[in-house]
K.L.:
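Before we start, here is the structure in question, set down as structure tokens.
The structure displayed is predicted, hence computed values, not measured ones.
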Amino acid sequence: MSKQVIATLVLIPFLLFYGLFFSCVQAAGEKEERSWQDEAIYFMMVDRFNNGDSKNDKDVNTTDLQAYNGGDLKGITKRLDYIQDMGFTAILLTPVVDNEEDGYHGYWTKDFYKVEEHFGSMADMKELVKEAHKRDMKVILDFVAGYTGSKNPWLLDKQKQGWYQQEQRENEQIQIIEENPLAGLPHLNFENEEVRKFLINNAKWWVQQTDIDGFRLEDMQSVPKDFWGEFVRGVKAVKQDFFFIGDVSAVDTSSVAEYQNMGIDSFLNISSYKHMTKVFSQTGQSPNELYKDWKSGQVVYPNPYLLGNFLDNQNTKRFTRVALEEKQYPPTRLRLALAYLFTSPGIPIMYYGTEIALDGGDPPDNRRLMDFKTDADFLKYISKLGELRKQLPSLRRGTFEMVYDKGGMSVFKRTYQEETTIIALNNTKKTQKVHLTREQLDTNKELHGLMEEDIIRPAKDGYYLVLDRETANVYALAEKTGLNIPFISVLVGINVLFVIFLILVRRRRKKS
């Protein structure tokens with residue numbers, strides 16, 4: 001008998017085993033149709049993320065946070081695998097349109113129909129979207145509708161004198177801009193139908209040209225609500241499943257429903273951000289206020305699972321800085337905060353640099369240049385959270401119930417269809433032991449630790465979870481482990497038959 005035949009026969013048991021294994025995985029991996037609540041978003045300030053093309057480095061100064069630092073669209077394209085490996089399924093970019101001098105942040109619009117030269121070209125933008133879509137990642141752009149830069153040519157264009165509120169002129173704005181770079185910008189006049197038509201056509205053009213998947217709507221309250229209804233209808237006529245996430249930070253949460261009636265899909269969860277920052281930047285804090293946010297959100301929002309949750313962004317202090325001000329060790333604080341961010345209801349939005357605990361105070365200090373010298377363990381922690389959120393529907397779609405809360409130690413339960421997960425957060429300075437009763441969890445099963453490997457088998461009166469200080473774990477409620485007798489019997493049988501076969505072959509050789 002040839003060596004090739006023998007090798008093939010030796011592999012039979014293993015092939016059968018893996019065939020059965022992967023068929024089980026495939027059956028378990030059948031998913032519902034993906035929706036926006038299933039996404040995890042990585043948010044970047046384009047100029048501060050990655051320099052992929054030195055040819056557009058005009059007047060770049062990496063030592064000046066008020067100047068261009070060199071980040072561009074090609075730089076983002078080159079780092080898509082890095083972003084995806086952390087578990088993110090979508091990217092959000094600050095405005096990429098042509099800006100005035102030193103408008104590195106993208107909010108001083110000069111030309112709505114042109115890509116900022118420091119970031120590259122329209123071809124680079126199209127390539128970024130194309131490469132993201134190849135990886136099944138979605139792309140969201142920041143869209144600024146309410147105002148332009150203080151030196152926009154429209155301010156001196158006689159044919160556009162009615163395009164601004166109260167005929168704001170260039171000289172009137174320059175002093176305000178110098179005093180506060182992002183305040184006092186000339187606001188557009190939405191009583192002018194030409195302004196409305198221009199902005200809607202421009203948004204449609206960007207979708208048609210680049211095939212992007214969504215817009216983040218900056219400073220929505222500076223624009224009349226009825227305009228957003230026209231805007232949404234116009235864009236969705238081009239791409240029906242287009243996503244809108246609004247920033248309505250200056251209005252009360254209870255009035256957000258008015259914007260929802262305009263067709264806005266989602267909103268940045270400002271209230272959650274404030275509570276999350278306070279709770280996880282120091283020890284001993286309870287996430288009860290966050291839980292109350294969730295409960296009230298179920299009343300206010302048609303779909304609270306679409307709310308965008310975040311720890312910080314381009315307009316706030318970095319979470320790292322807040323933790324330092326509380327005299328805490330930022331990576332430890334970040335681990336707890338990110339565990340909550342990725343496992344609680346809503347769409348997690350992580351600001352670039354969080355994976356390296358990037359520091360920064362108020363703008364522009366919170367917009368420092370990204371450094372890719374990451375902590376491997378910390379990066380692995382984020383990747384594991386991202387992967388768990390992808391693999392467990394209960395972390396994206398499940399109910400959310402607080403089942404334990406005492407002195408900073410908290411436990412949440414999430415259930416979706418037949419799947420149950422437990423999220424345990426020890427925000428204290430001591431190891432904690434928690435008792436979950438039979439009424440809270442099915443004791444015919446056991447808990448499998450997923451962030452930290454652990455198997456918790458039920459006692460007579462329920463489960464006992466033990467967590468080290470300032471750590472988190474995610475548990476899956478699973479069938480009790482033990483020997484799979486039928487499956488083992490099949491494997492043993494196959495191997496016995498194979499041994500008998502080899503004996504018969506050997507006897508035949510001797511006879512011959």
K.L.:
Do V232 and M262 touch side chain to side chain, with heavy atoms closer than 4.5 Å?
P.N.:
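Of all side-chain heavy-atom pairs linking M262 with V232, none is under 4.5 Å.
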K.L.:
Would you please indicate yes or no on a ring centroid separation below 6.0 angstrom for F198 and W163?
P.N.:
yes
K.L.:
Parallel under 30°, tilted from 30 to 60°, perpendicular over 60°: which one fits the rings of F231 and F227?
P.N.:
tilted
K.L.:
Measuring from D124:CG to T210:OG1, what's the distance to the nearest 0.5 Å?
P.N.:
13.0 Å
K.L.:
Under a 3.5 Å distance rule, please check whether D213 uses its side chain to pair with a backbone N or O of V139 as donor and acceptor.
P.N.:
yes
K.L.:
Can you confirm whether more than 12 heavy atoms, excluding those of Y113, are under 6.0 Å from its OH atom?
P.N.:
yes
K.L.:
Between T148 and Y164, does any side-chain donor sit less than 3.5 Å from a side-chain acceptor?
P.N.:
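Present: a donor and an acceptor within the cut-off.
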K.L.:
For the residue pair N309 / Y340, report whether a side-chain donor-acceptor contact shorter than 3.5 Å exists.
P.N.:
no
K.L.:
For Q417, does the CD atom sit with more than 12 other heavy atoms under 6.0 Å from it, leaving out its own atoms?
P.N.:
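Atom CD in Q417 is crowded, with more than 12 foreign heavy atoms closer than 6.0 Å.
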K.L.:
Is the closest basic N to carboxylate O distance between E470 and R333 below 4.0 Å?
P.N.:
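Yes, this pair counts.
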K.L.:
So that I can tick it off, tell me whether K197 and E194 are bridged by a salt bridge, with the cut-off set at under 4.0 angstrom between side-chain N and carboxylate O.
P.N.:
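Answer for the salt bridge query: no.
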K.L.:
Is the backbone N or O of G52 less than 3.5 Å from a side-chain atom of K78, with the two atoms forming a donor-acceptor pair by type?
P.N.:
yes
K.L.:
For K236, look at atom NZ and say whether over 12 heavy atoms of other residues, nucleotides or ligands are found less than 6.0 Å away.
P.N.:
yes
K.L.:
Cut-off 3.5 Å, side chains only: do D293 and S272 have a donor facing an acceptor?
P.N.:
no
K.L.:
Have a look at D312 and tell me which of M350, R318, K317 forms a side-chain contact (heavy atoms from CB on, under 4.5 Å) with it.
P.N.:
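Among the candidates, only R318 passes.
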K.L.:
Sub-3.5 Å donor-acceptor pair from the side chain of D265 to the main-chain atoms of F244, do we have one?
P.N.:
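It does hold such a pair.
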K.L.:
Under 6.0 Å between ring centres, would you say that holds for W294 and Y305?
P.N.:
yes
K.L.:
Is the ring pair F400/F412 parallel, tilted or perpendicular, if the boundaries are 30 and 60 degrees?
P.N.:
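Parallel.
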K.L.:
Please verify the inter-ring angle class for H105 with Y107; under 30° counts as parallel, over 60° as perpendicular, anything in between as tilted.
P.N.:
parallel
K.L.:
Is there side-chain contact between Y273 and L268, with heavy atoms separated by less than 4.5 Å?
P.N.:
no
K.L.:
Looking at F49, does the NZ or CZ of R79 lie under 6.0 angstrom from its six-membered ring centre and within 45 degrees of the ring axis?
P.N.:
no
K.L.:
Do the side-chain N and O atoms of N51 and D57 include a donor-acceptor pair separated by under 3.5 angstrom?
P.N.:
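Yes, side-chain donor-acceptor contact under 3.5 Å.
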K.L.:
Report yes or no: does N427 contribute a side-chain atom to a donor-acceptor pair with the main-chain N or O of F280 at less than 3.5 Å?
P.N.:
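No, because the side chain of N427 does not come within donor-acceptor range (under 3.5 Å) of the backbone of F280.
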K.L.:
Tell me whether R397 is salt-bridged to D38, with the criterion being a basic N under 4.0 Å from an acidic carboxylate O.
P.N.:
yes
K.L.:
Check whether W206 reaches the backbone of F112 with its side chain - one donor and one acceptor, N or O, closer than 3.5 Å.
P.N.:
yes
K.L.:
Do other residues, nucleotides or ligands put more than 12 heavy atoms under 6.0 Å from E101 CD?
P.N.:
no
K.L.:
Indicate yes or no for a side-chain donor-acceptor contact from E218 to the backbone of F143 under 3.5 Å, with no hydrogens or angles considered.
P.N.:
no
K.L.:
Once you round to the nearest 0.5 Å, how far does CD of Q209 lie from CE of M122?
P.N.:
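It comes to 5.5 Å.
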K.L.:
Do E39 and R34 sit within salt-bridge range, that is, some charged N less than 4.0 Å from a carboxylate O?
P.N.:
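Between R34 and E39 there is a salt bridge, with a charged N closer than 4.0 Å to a carboxylate O.
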K.L.:
Does one side chain, of N99 or H118, offer a donor that lies under 3.5 Å from an acceptor on the other?
P.N.:
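On atom types as modelled, these side chains do not qualify, holding no pair under 3.5 Å.
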K.L.:
Any side-chain heavy atom of F342 within less than 4.5 Å of one from L388?
P.N.:
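Result no, sub-4.5 Å side-chain heavy-atom pair not found.
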K.L.:
Can any side-chain N or O of R48 pair as donor or acceptor with the backbone N or O of G71 at less than 3.5 Å?
P.N.:
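No; judged by distance alone, with no hydrogens or angles, the pair does not exist.
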K.L.:
Rounded to the nearest 0.5 Å, how far does CG of L92 lie from CZ of F243?
P.N.:
10.0 Å
K.L.:
How many angstroms lie between atom CZ of F88 and atom NZ of K138, to the nearest 0.5 angstrom?
P.N.:
16.0 Å
K.L.:
Is T399 reaching over with its side chain to a backbone N or O of T415, donor-acceptor style, under 3.5 angstrom?
P.N.:
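A pair under 3.5 Å: yes.
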K.L.:
I'd like to know if the side chain of E100 and the backbone of N152 have a donor-acceptor N/O pair within less than 3.5 Å.
P.N.:
yes
K.L.:
Between the side chains of E419 and S394, does any donor sit under 3.5 Å from an acceptor?
P.N.:
yes
K.L.:
With a 4.5 Å heavy-atom cut-off, do S271 and N269 have their side chains touching?
P.N.:
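Yes - at least one pair of side-chain heavy atoms lies under 4.5 Å apart.
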K.L.:
Could you walk me through whether K55 and D72 pass the salt bridge (Lys or Arg N to Asp or Glu O under 4.0 Å) check?
P.N.:
CA-CA 11 Å; K55 293 177 183 177; D72 49 39; over 6 Å; no
K.L.:
Quick one: pull up CZ in R396 and CZ in R414 and give me the separation to the nearest 0.5 Å.
P.N.:
10.0 Å
K.L.:
Can you tell me how far CD of Q282 sits from CD of E325, rounded to the nearest 0.5 angstrom?
P.N.:
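These two atoms lie 11.5 Å from each other.
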K.L.:
Is K239 paired with D211 through a side-chain N to carboxylate O contact shorter than 4.0 Å?
P.N.:
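Yes, this pair counts.
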K.L.:
With a 4.5 Å cut-off on side-chain heavy atoms, are N50 and F372 touching?
P.N.:
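In contact.
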K.L.:
Can you check whether E387 reaches L450 side chain to side chain, under 4.5 Å on heavy atoms?
P.N.:
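Not in contact.
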